[in-house]
J.: 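Provided herewith is a single structure, encoded as structure tokens, for subsequent inquiry.
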Amino acid sequence: MNKIALITGATSGIGKATAIELARQGYNIIATGRREDRLQELKAEISAMVKYHYLVFDVRDKDAVHAAITSLAPEWKAIDILVNNAGNAHGLDAIDQGKIEDWDAMIDINVKGLLYVSKFIMPQMIERKTGHIINIGSIAAKEVYANGNVYCASKHAVDAITKGMRLDLTQHNIRVTGIHPGLVETEFSLVRFKGDEERASKVYQGFEALKAQDIAEIIGFAVSRPAHVVMTDITVLAGAQANSTTVYKDK
Ligand code: NDP
Ligand code: 8X3
């Protein structure tokens with residue numbers, strides 16, 4: 001029987017590429033997100049390879065998360081791989097200029113949403129004594145950059161939760177991996193800059209940014225290691241990127 005992978009935030013970017021990559025590896029896929037039309041679109045591509053199921057929920061809504069996970073039919077309940085990917089930056093403002101609704105969004109989605117989804121999936125992993133949780137952090141989990149304040153805090157929290165999960169879950173034979181990308185060209189900057197396409201595209205001009213597929217392949221590598229190997233912490237930057245803010249762009 002095929003193993004099952006649940007990927008949050010599979011409607012675009014890293015999550016979508018990961019859903020397709022893990023389907024190629026033979027995992028049956030549960031894709032989640034808020035945009036149902038995109039989850040439906042993904043069906044054609046993935047169900048040509050493996051079984052596909054999608055769940056529509058906002059990770060901020062703990063009741064909706066609980067209802068969605070408990071609604072799974074018995075054949076979908078034994079989730080082997082959880083990829084906690086849903087998340088975004090909202091705004092890029094100095095701390096005194098930051099908007100409270102942006103702070104709420106980042107803490108509620110990137111931190112609390114990851115916890116809610118994990119909360120309802122970990123018990124069956126513990127019961128079955130098997131599982132792998134991949135948390136998508138960021139270079140912002142390792143460094144703090146100007147105006148990144150609360151986004152960086154939310155990703156530092158993801159890093160701490162990842163380490164805490166490993167301490168508490170290894171005894172149950174559950175592997176925990178943190179993946180920390182630098183600049184990946186997705187809808188990330190479009191969300192951060194609230195739909196400003198020109199400002200968003202400038203982030204990725206003058207160098208070759210990482211692609212969602214690059215991260216998906218690293219996730220695919222981490223989950224395909226033999227059972228006695230756990231990749232704990234992977235930071236991956238674009239080739240022209242030396243740290244979160246030093247990017248060697250074409251003149
Ligand atoms: P995208 O904006 O392309 O994708 C974000 C995904 O998260 C979408 O599928 C979106 O789905 C989902 N999502 C956002 N908010 C919610 C919510 N409230 N409830 C449910 N799902 C939600 O960005 P990326 O692919 O780049 O981002 C994926 C992860 O990678 C994020 O955690 C991000 O912080 C991290 N990351 C990104 C980097 C980059 O440079 N792009 C670098 C380092 C880390 P929908 O809107 O349909 O709900
Ligand atoms: C996304 C990458 O550099 O904007 O996490 O923080 S960065």
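Counting starts at 1 for both ligands and their atoms, following the listed order. Since this is a predicted model, take the numbers as computed values, not measurements.
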J.: Please say whether S138 places an N or O atom under 3.5 Å from an N or O atom belonging to ligand 2.
T.: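 Between S138 and ligand 2 (N or O atoms, distance only) the closest approach is under 3.5 Å.
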J.: Are the charged groups of D102 and R192 less than 4.0 angstrom apart, N to O?
T.: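 No, D102 and R192 are not salt-bridged.
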J.: Consider only side-chain N and O atoms of D159 and T162, and report whether a donor and an acceptor are under 3.5 Å apart.
T.: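 No, no side-chain donor-acceptor pair sits under 3.5 Å.
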J.: If we only consider heavy atoms of R192, is any one of them less than 4.0 Å away from an atom in ligand 2?
T.: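 The answer is yes, since R192 has a heavy atom less than 4.0 Å from ligand 2.
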J.: Tell me if the centroids of the rings in Y151 and F188 come within less than 6.0 Å of each other.
T.: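 Yes, close enough.
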J.: Students should be able to answer this: which protein heavy-atom is nearest to atom 3 (O) of ligand 2, and at what distance?
T.: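 Nearest neighbour among protein heavy atoms for atom 3 (O) of ligand 2, to 0.1 Å: I139 CG2, 3.8 Å.
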J.: Starting from atom 14 (C) of ligand 1, what is the nearest protein heavy atom, named by residue and atom, and what distance separates them?
T.: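 Looking only at protein heavy atoms, the one closest to atom 14 (C) of ligand 1 is R34 NH2, 3.5 Å.
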J.: Give yes or no for whether the N/O distance cutoff of 3.5 Å, strictly under, is met between Q241 and ligand 2.
T.: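 So ligand 2 has no N or O lying under 3.5 Å from an N or O of Q241.
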J.: Please work out, at 4.0 Å between heavy atoms, whether the side chain, the backbone, both, or neither of K16 comes within that distance of ligand 1.
T.: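 Neither part.
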J.: Answer with side chain, backbone, both or neither: which part of V184 has a heavy atom less than 4.0 angstrom from an atom of ligand 2?
T.: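 Neither part.
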J.: For ligand 1, which atoms, with element, lie under 4.0 Å from some heavy atom of G13?
T.: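 Result: 3 (O), 25 (O).
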J.: Salt bridge or not for D104 and K99, using N-O below 4.0 Å?
T.: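 Salt bridge flag = no for K99 with D104.
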J.: Given V59, T32, I14, T18, identify the one with the heavy atom nearest to atom 19 (N) of ligand 1.
T.: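 Heavy atom nearest to atom 19 (N) of ligand 1 belongs to V59.
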J.: Do any heavy atoms of K155 fall under 4.0 Å from ligand 1?
T.: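 Yes, that is the case, since the closest heavy atom of the residue is under 4.0 Å from the ligand.
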J.: Return yes or no for this condition: an N or O of L183 is under 3.5 Å from an N or O of ligand 1.
T.: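 The answer is no, given that L183 and ligand 1 share no N or O pair closer than 3.5 Å.
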J.: Between ligand 1 and G182, can you find any atom pair, the residue atom being a heavy atom, that is separated by under 4.0 Å?
T.: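 Contact present.
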J.: Among side-chain atoms of T8 and N84, is any donor-acceptor pair under 3.5 angstrom?
T.: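 T8 vs N84: no donor-acceptor pair found between side chains.
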J.: Between ligand 1 and Y204, is the shortest N or O to N or O distance under 3.5 Å?
T.: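 Between Y204 and ligand 1 (N or O atoms, distance only) the closest approach is not under 3.5 Å.
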J.: Is V59 linked to I7 within one hydrophobic cluster, defined over Ile, Leu, Val, Met, Phe, Trp and Tyr using a side-chain heavy-atom separation of less than 4.5 Å?
T.: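 Unlinked, V59 and I7 end up in two clusters.
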J.: Between A10 and ligand 1, which part of the residue brings a heavy atom under 4.0 Å of the ligand: side chain, backbone, both or neither?
T.: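 The answer is the backbone.
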J.: Specify the protein heavy atom at minimum distance from atom 26 (O) of ligand 1: its residue, its atom name, and the distance to 0.1 Å.
T.: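 Ranked first by proximity to atom 26 (O) of ligand 1 is T186 OG1, 2.6 Å.
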J.: Answer side chain, backbone, both or neither: which part of Y116 comes under 4.0 Å from ligand 1, heavy atoms only.
T.: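 Neither part.
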J.: Scan D80, T177, N173 and name whichever one has a side chain to side chain donor-acceptor pair (under 3.5 Å) with H132.
T.: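 Option passing the side chain to side chain donor-acceptor pair (under 3.5 Å) with H132: T177.
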J.: Considering only non-hydrogen protein atoms, determine which one is nearest to atom 34 (O) of ligand 1 and report residue, atom name and distance to 0.1 Å.
T.: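 The answer is Y151 OH, 2.7 Å.
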J.: Can you tell whether the side chains of K163 and D168 come within less than 4.0 Å, N to carboxylate O?
T.: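 Here K163 does not pair with D168 in a salt bridge, since their nearest N and O are not under 4.0 Å apart.
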J.: N/O to N/O below 3.5 Å, does that happen between S138 and ligand 1?
T.: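 The answer is no, given that S138 and ligand 1 share no N or O pair closer than 3.5 Å.
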J.: With heavy atoms under 4.0 Å as the rule, classify the contact between E185 and ligand 1 as side chain, backbone, both or neither.
T.: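 The answer is neither.
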J.: Could you check whether E187 pairs with R35 (Lys NZ or Arg NE/NH1/NH2 to Asp/Glu carboxylate O, under 4.0 Å)?
T.: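 Here E187 pairs with R35 in a salt bridge, since their nearest N and O are under 4.0 Å apart.
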J.: Does P181 reach ligand 1 with a nitrogen or oxygen that is under 3.5 Å from one of the ligand's nitrogen or oxygen atoms?
T.: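 Looking only at distances, the answer is no, because the N/O contact criterion of under 3.5 Å is not met.
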J.: Looking only at distances, can you tell me whether any N or O atom of I109, backbone or side chain, sits closer than 3.5 Å to an N or O atom of ligand 1?
T.: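 No, no N or O pair falls under 3.5 Å.
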J.: Does a donor on one side chain sit under 3.5 Å from an acceptor on the other, for E36 and Y54?
T.: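 Present: a donor and an acceptor within the cut-off.
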J.: Does ligand 1 have an atom under 4.0 Å from some heavy atom of G137?
T.: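 True for this residue.
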